[in-house]
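Beneath this line is the structure, given in structure tokens, with notes to follow.
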Protein chains: 2
Amino acid sequence: MRKLKTSRQPEILDAALAIADERGLEALSMRAVAERVGVTPMALYGYFRNKDELLDGLVGRLLGELVPDDPGQTWQERLGAIAWAIRRLAREHPTVFPLLLLRTSVTPDGVKLVDLAYQALLDAGVPEADVPRVERLMSTFVLGFALSEVSGRFSHASREIRHRRGTDMPAHQRLAGHLTPDDWDAEFADDLADLMRIIRPV
Amino acid sequence: MRKLKTSRQPEILDAALAIADERGLEALSMRAVAERVGVTPMALYGYFRNKDELLDGLVGRLLGELVPDDPGQTWQERLGAIAWAIRRLAREHPTVFPLLLLRTSVTPDGVKLVDLAYQALLDAGVPEADVPRVERLMSTFVLGFALSEVSGRFSHASREIRHRRGTDMPAHQRLAGHLTPDDWDAEFADDLADLMRIIRPV
DNA sequence: ACCTGAACACCGTTCAAGT
DNA sequence: ACCTGAACACCGTTCAAGT
């Protein structure tokens with residue numbers, strides 16, 4: 001297990017992120033990154049053991065863009081800040097964002113974020129034994145929502161359904177007037193409000 | 001846009017699913033599927049326009065394994081049945097499961113599932129205007145939870161954290177005794193119970 | 001310490017052809 | 001109607017070598 005150089009790691013990750021943002025995750029090849037950095041593909045292997053580790057590095061880079069931590073705010077405001085920051089990240093880097101849920105990389109900034117969430121839940125009065133579970137509940141929803149949005153799971157579905165009404169979907173028919181939201185900001189806010197009521201019933 | 005043959009589509013999708021289950025999503029290549037079906041790679045292109053469409057077909061196949069619909073149950077039981085069925089699917093096909101969140105394919109069985117969820121929410125007394133949003137909230141959480149579980153986001157994180165205690169994660173330190181769950185069945189059940197209280201406060 | 005070149009074993013897909 | 005063979009433009013990665 002050789003030792004890795006670190007000197008140009010940030011530069012390489014920047015190049016990788018730029019490629020993914022501009023041309024999609026599929027275009028993110030070792031060869032493309034190398035070309036952008038101005039180096040031979042093999043030179044990258046001095047900085048990352050393989051492509052998987054480069055992707056882990058990318059996840060770390062993304063999480064570094066978050067981390068608000070504005071103490072002096074209420075616990076609701078702090079939890080909300082994390083949630084909206086994650087969603088913003090998804091919209092800024094839609095093609096890389098799925099890696100946050102797919103790859104299991106534990107980065108310092110990620111841990112820091114979880115710690116802030118723990119603290120907010122403690123301040124909210126959630127019993128210590130429940131805090132980690134509730135944090136996972138919240139983060140799972142937030143990550144899932146952001147992913148659904150950028151992957152098109154939400155919008156694509158509701159668009160598609162309008163075409164094939166009828167047949168055997170009685171509930172869809174009854175809800176015909178309510179199937180077209182398209183204000184995801186408002187929906188996300190409503191969802192967060194509902195979830196806050198799990199944490200502490202108002 | 002040529003017309004596709006359908007005759008051997010199910011056979012091809014079975015082969016694809018078997019490969020992914022046995023050797024992972026990365027091993028799922030057109031060439032591997034072709035070999036398993038006993039045919040040249042190019043023969044597949046008579047049944048699916050490209051690999052993406054084959055993956056969409058796979059998503060449809062997975063959703064076909066679900067669809068409980070046991071009327072005569074309470075709305076809680078019906079919603080729970082869907083949630084647990086999705087989670088079971090994730091554990092049976094861990095490497096393909098992420099496609100459900102990543103790919104935006106709208107299949108008949110998927111729509112059917114959503115319709116059942118809508119009906120349960122209506123029966124629960126959720127106002128018509130809120131039903132689609134609450135369904136998205138629930139499905140987002142359930143898919144996200146199942147994905148986090150099979151991708152290792154949950155277990156990996158909690159395992160990792162035990163090593164690097166100390167430093168600057170005060171909340172982690174305070175929660176030291178509660179950071180090791182590992183009974184995900186129980187956690188999923190607790191989460192669903194909390195979410196049901198969003199739908200209808202008891 | 002850092003990088004290169006050539007090579008290996010793979011990919012998805014097109015095109016023209018065969019029965 | 002269904003399938004094949006050869007080819008193209010890609011991949012990630014190893015190995016030996018060069019400064």
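Within every chain, numbering begins at 1; the chains are lettered A, B, ... in the order of the sequence lines, protein sequences first and strands thereafter. What you see is a predicted model, and the numbers here were worked out from it, not measured in a lab.
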Exercise. Between which residue ranges does DNA chain C form stems of three or more consecutive Watson-Crick or G-U wobble pairs, both distances under 3.5 Å?
Worked result: C:4-8 with D:12-16, C:12-16 with D:4-8

Problem set entry | Rounded P spacing from D/dC2 to C/dA16 in Å |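 That atom pair is separated by 22 Å.
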
Problem set entry | Contact list for residues 51-83 of chain A, test ring pair (Phe, Tyr, Trp, His ring centres under 6.0 Å), sequence neighbours left out |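 Output for this query is empty, none listed.
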
Scan the side chains in residues 35-47 of chain B for donor-acceptor partners under 3.5 Å anywhere in the protein, sequence neighbours excluded, and list what turns up.
unit_1  : atom_1 : unit_2  : atom_2 : d
B/Arg36 : NH1    : B/Glu22 : OE1    : 3.1
B/Arg36 : NH2    : B/Glu22 : OE2    : 3.1

Residues in side chain to side chain contact (heavy atoms under 4.5 Å, CB included) contact with [X], at least two apart in sequence or another chain:
X: B/Ala193; result: none
X: A/Asp14; result: A/Arg61
X: B/Asp194; result: A/Arg133, A/Leu137, A/Ile198, B/Arg197
X: A/Ala20; result: A/Leu28, A/Thr95, A/Val96

For this session: Please work out if B/Phe48 contacts a base, only the sugar-phosphate, or nothing of the nucleic acid, heavy-atom cut-off 4.0 Å.
Result: nothing

Exercise. Which part of the nucleic acid, if any, lies within reach of B/Met30 when heavy atoms closer than 4.0 Å are counted: base, sugar-phosphate only, or nothing?
Worked result: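 Here B/Met30 touches the backbone only, sparing every base.
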
Exercise. Closest nucleotide of DNA chain D for A/Tyr45 versus for B/Thr6: which of these residues is on the 5' side?
Worked result: B/Thr6

Exercise. B/Arg31 or A/Lys51: which one's nearest nucleotide on DNA chain D is closer to the 5' end?
Worked result: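 Per heavy-atom nearest nucleotide, the more 5' residue is B/Arg31.
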
For this session: Considering only NZ, NE, NH1 and NH2 on the basic side and carboxylate oxygens on the acidic side, decide whether A/Asp70 and A/Arg78 come within less than 4.0 Å.
Result: no

For this session: Can you sort out the partners of B/His172 under ring-ring contact (aromatic ring centres under 6.0 Å, His included), two or more places apart, ordered by chain and number?
Result: A/Tyr118

For this session: Kindly write out the residues that satisfy side-chain hydrogen bond (donor to acceptor under 3.5 Å, both in side chains) with B/Arg23, not counting sequence neighbours, or none if the list is empty.
Result: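 B/Arg23 satisfies side-chain hydrogen bond (donor to acceptor under 3.5 Å, both in side chains) with no residue once adjacent residues are dropped.
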
For this session: Name every residue in residues 9-23 of chain B that has at least one heavy atom under 4.0 Å from any atom of DNA chain C, in order of residue number, or write none if there are no such residues.
Result: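 Heavy-atom cutoff 4.0 Å gives no residues at all.
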
For this session: With a 4.0 angstrom cut-off to heavy atoms of chain B, pull out the first and last contacting nucleotide of DNA chain C, in 5'-to-3' order.
Result: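 So the contact region on DNA chain C extends C/dC11 to C/dC15.
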
Exercise. Is the A/Phe141-B/Phe145 ring centre distance short of 6.0 angstrom?
Worked result: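 They do not qualify: ring centres at least 6.0 Å apart.
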
Problem set entry | Any pair counted as salt bridge (Lys or Arg N to Asp or Glu O under 4.0 Å), so long as it reaches residues 134-149 of chain B, sequence neighbours left out | A/Glu187-B/Arg136, B/Arg87-B/Glu149, B/Arg91-B/Glu149

